[in-house]
Amino acid sequence: MSFGHLAHAKPSLEVPIVTGPHADVATFTSNAAIAAGQVVMLDITLTTVSDREKYVIASTAALGAAAIGVALEAATGAEEVIRVCIAGYCEGVSCAAGVAAGDSLYADDTGQVDDTAAAATLPVFGVALSALDAVANTCTAYIYRNY
């Protein structure tokens, strides 16, 4: 796995989520469909160590504590290589209702960030830098390194 800054090798319309110059982006392989902007987690249901650190899925209820970042592009199914912002500034993060700038964020069970007390049983995932955009259901966030 490599760490580095996002070099937009694709046209900007194909990479709708913008990361800051100091964001860390890693490449993973999808193990299911993932939407751009969704919070992803390592697929720790897999049995081999190499698979558990290679494959990601959208954050789920039972395993939300394994959330590691935000998908920067969509995957329509398994075995697609995607880039994931694992730390730093990230726009277009899928976001639950009620999030305001400055809120601590948690990865919820739907692949979104959330600021509710119920989600607070999980590790802090980041901080909201903007309020929820109610049209796009996204926010801008600073993602804390969890991986």
Side-chain angles (χ1 to χ4, degrees), residues 1-99 103-116 118-130 132-133 136-147:
M1 210 162 334
S2 64
F3 294 93
H5 302 294
L6 177 62
H8 289 289
K10 294 184 173 188
S12 59
L13 293 177
E14 290 185 52
V15 185
I17 297 173
V18 179
T19 59
H22 302 291
D24 286 332
V25 176
T27 302
F28 292 93
T29 303
S30 65
N31 207 21
I34 297 170
Q38 265 192 315
V39 175
V40 296
M41 56 180 272
L42 296 173
D43 191 349
I44 60 176
T45 63
L46 299 172
T47 56
T48 65
V49 173
S50 61
D51 284 347
R52 283 194 302 254
E53 66 181 17
K54 173 183 175 184
Y55 289 98
V56 292
I57 57 174
S59 182
T60 65
L63 305 171
I68 59 159
V70 175
L72 297 178
E73 50 214 349
T76 58
E79 299 298 329
E80 293 184 36
V81 175
I82 62 168
R83 291 172 290 180
V84 175
C85 178
I86 60 170
Y89 179 91
C90 190
E91 294 178 358
V93 179
S94 184
C95 185
V99 169
D103 285 349
S104 291
L105 299 174
Y106 308 90
D108 74 8
D109 60 355
T110 64
Q112 296 182 316
V113 291
D114 198 344
D115 68 336
T116 64
T121 60
L122 298 170
V124 176
F125 186 73
V127 62
L129 299 178
S130 72
L132 168 73
D133 174 339
N137 291 322
T138 62
C139 67
T140 299
Y142 189 92
I143 307 302
Y144 299 149
R145 181 178 296 282
N146 291 301
Y147 179 71

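Please read these numbers as outputs of a predicted model, since none were measured by experiment. Basis for what follows: all heavy atoms, side chains included, without hydrogens, waters or symmetry-related copies.
One finds the CG atom of Asp51 at 11.5 Å from the CG atom of Leu42 (value rounded to the nearest 0.5 Å). The line from CG of Asp115 to OG of Ser104 is 9.0 Å long, rounded to the nearest 0.5 Å. The distance from atom CG of Asp114 to atom CG of Asp103, rounded to the nearest 0.5 Å, is 9.5 Å. From Thr48, atom OG1 reaches atom CD of Glu53 across 9.0 Å, with rounding to the nearest 0.5 Å. The OH atom of Tyr142 sits 8.5 Å away from the SG atom of Cys85 when rounded to the nearest 0.5 Å.
Of the possible donor and acceptor atoms, one in the side chain of Glu73 sits under 3.5 Å from a partner among the backbone N and O of Arg83. Thr138 places no side-chain N or O within donor-acceptor distance of the main-chain N or O of Ser94, the cut-off being under 3.5 Å. Side chain of Asp133 to main chain of Asn137: no donor-acceptor pair is present (N/O by atom type, distance under 3.5 Å, no hydrogens or angles). Side-chain N or O atoms of Arg52 include one that pairs as donor or acceptor with a backbone N or O of Thr47 at under 3.5 Å.
Of the candidates Thr29, Thr27, Val56, Ile82 forms a side chain to side chain contact (heavy atoms under 4.5 Å, CB included) with just one, namely Val56. For the pairing with Phe28, the side chain to side chain contact (heavy atoms under 4.5 Å, CB included) check across Asp43, Ile86, Ile57 returns one residue only, Ile86.
Nearest heavy atoms, Leu105 versus Ala141: CD1-CB, 3.7 Å. Smallest separation of non-hydrogen atoms from Ala71 and Ala35: CB-O, 3.7 Å.
With contacts defined as side-chain heavy-atom distances shorter than 4.5 Å, the pair Tyr89/Ile143 does not qualify. You'll find the side chain of Val25 reaches within 4.5 Å of the side chain of Leu72, heavy atoms only. Between Cys95 and Val93 the shortest side-chain heavy-atom distance does not fall below 4.5 Å. You'll find the side chain of Tyr55 stays beyond 4.5 Å of the side chain of Thr45, heavy atoms only. Contact annotation: the side chain of Cys139 approaches that of Val113 to within less than 4.5 Å [non-hydrogen atoms, C-beta and beyond].
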Derivation of the side-chain contact (heavy atoms from CB on, under 4.5 Å) call for Thr110 and Val39: CA-CA 8 Å; Thr110 64; Val39 175; over 6 Å; no
Pair Tyr106-Val124, side-chain contact (heavy atoms from CB on, under 4.5 Å): steps then yes or no: CA-CA 5 Å; Tyr106 308 90; Val124 176; 3.7 Å; yes
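With sequence neighbours excluded, the residues that form a side-chain contact (heavy atoms from CB on, under 4.5 Å) with Ser30 are Ile34, Ala75, Glu80. Considering only residues two or more places apart in sequence or on other chains, Ala58 meets the side-chain contact (heavy atoms from CB on, under 4.5 Å) condition with Gln38.
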